[in-house]
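Computed from heavy atoms alone, side chains included, the values below leave out hydrogens, waters and symmetry copies. Since we're looking at a predicted model, the values are computed, not measured.
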Amino acid sequence: SSLTMEKYSLRGTMLIASIMMTTGCIVRFLGVVLPSSEGHESYALILVGQSVVALAQPFVLNLPGVIAGRWFGAEERDLATTIGTLSNILGQAIGQAIAPICVKENDEDKNVGHQTDGFTLLLGWQLGLSVLAFLWVFLCFRNRPPTPPSYGVVKIDRKSIFKKWRALLQNRDFNILLFVFGVGLA
């Protein structure tokens with residue numbers, strides 16, 4: 001996503017992410033409403049749609065820091081980054097809490113195992129929200145604020161992402177942090 005931001009700008013990256021998310025939601029929704037040859041939801045379509053949404057996720061996860069850096073002053077950036085990062089986690093938690101409410105086991109026919117009505121409701125809401133998010137990005141979001149929030153934003157270093165990575169990988173402290181977090185996440 002850093003390369004995409006470097007090549008297409010912040011707005012372009014948000015458009016790419018929102019298009020991918022909306023496309024994935026459309027495919028997942030079609031997987032539920034268009035029956036397969038057996039007459040129930042198409043697991044393959046749902047899986048393909050979920051994969052497209054998953055591929056959009058790295059774009060979304062890297063946006064809070066960039067948005068905070070471009071749109072907020074130095075004293076506001078930490079709070080803006082925190083709110084942006086936590087909103088992603090909160091959205092995931094809400095999604096995990098709402099899913100079992102929408103999708104319930106069918107008490108009348110436990111052998112079927114398909115909760116099509118619940119899936120249709122859940123994936124329909126997700127599709128609607130993703131379309132609204134896409135429309136907001138497309139119609140309202142600008143790459144930068146009309147007035148820079150601080151002088152530091154005006155003087156952003158325009159080095160290539162590869163030069164920045166090379167400099168980071170030559171930094172001893174960064175390599176220690178990279179190792180510790182890598183081991184912790186593994």
Nearest 0.5 angstrom please: [X] [atom1] to [Y] [atom2], how far?
X	Y	atom1	atom2	answer
T85	N62	OG1	CG	9.5 Å
W71	R142	CH2	CZ	4.5 Å
L139	F134	CG	CZ	8.0 Å
T81	L63	OG1	CG	11.5 Å
T13	R11	OG1	CZ	11.5 Å

- Query: Do you know which of L121, I46, L122 makes side chain to side chain contact (heavy atoms under 4.5 Å, CB included) with V32?
  - Reply: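 One option only clears the test, and that one is I46.
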Quick one: side chains of residues 125-133, donor-acceptor pairs under 3.5 Å with protein atoms, not counting sequence neighbours, listed by atom name and distance.
{"residue": "Q126", "atom": "OE1", "partner": "R28", "partner atom": "NH2", "Å": "2.7"}
{"residue": "S130", "atom": "OG", "partner": "Q126", "partner atom": "O", "Å": "3.4"}
{"residue": "S130", "atom": "OG", "partner": "L127", "partner atom": "O", "Å": "2.9"}

Return the minimal non-hydrogen interatomic distance between [X] and [Y], and the atom names on each side.
X	Y	value
I67	F72	O-CD1, 4.0 Å
M20	F59	SD-CE1, 3.9 Å
A80	A68	CB-CB, 3.8 Å
T82	D78	OG1-O, 2.8 Å
M14	W136	CE-CZ3, 4.0 Å
C25	V53	N-CG2, 3.9 Å

- Whether over 12 other heavy atoms sit under 6.0 Å from F141 CZ: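 Result for CZ/F141: enclosed.
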- Query: Which ILVMFWY residues are connected to L86, directly or by a chain of links, through side-chain heavy atoms under 4.5 Å apart?
  - Reply: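 In the cluster with L86 are I89.
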- Message: For I19, is there any backbone N or O sitting under 3.5 Å from a side-chain donor or acceptor partner on T22?
- Response: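 Pair absent, no side-chain N/O of T22 close to backbone of I19.
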Please report, to 0.1 Å, the donor-acceptor pairs under 3.5 Å made by any side chain of residues 168-183, with sequence neighbours excluded.
{"residue": "N171", "atom": "OD1", "partner": "D173", "partner atom": "N", "Å": "2.9"}
{"residue": "N171", "atom": "OD1", "partner": "F174", "partner atom": "N", "Å": "3.1"}
{"residue": "N175", "atom": "ND2", "partner": "L169", "partner atom": "O", "Å": "2.8"}
{"residue": "N175", "atom": "ND2", "partner": "N171", "partner atom": "O", "Å": "3.2"}

Hphob cluster co-occupancy, [X] + [Y], side-chain heavy atoms under 4.5 angstrom:
X	Y	answer
F119	I94	yes
L61	I83	no
L34	L123	yes

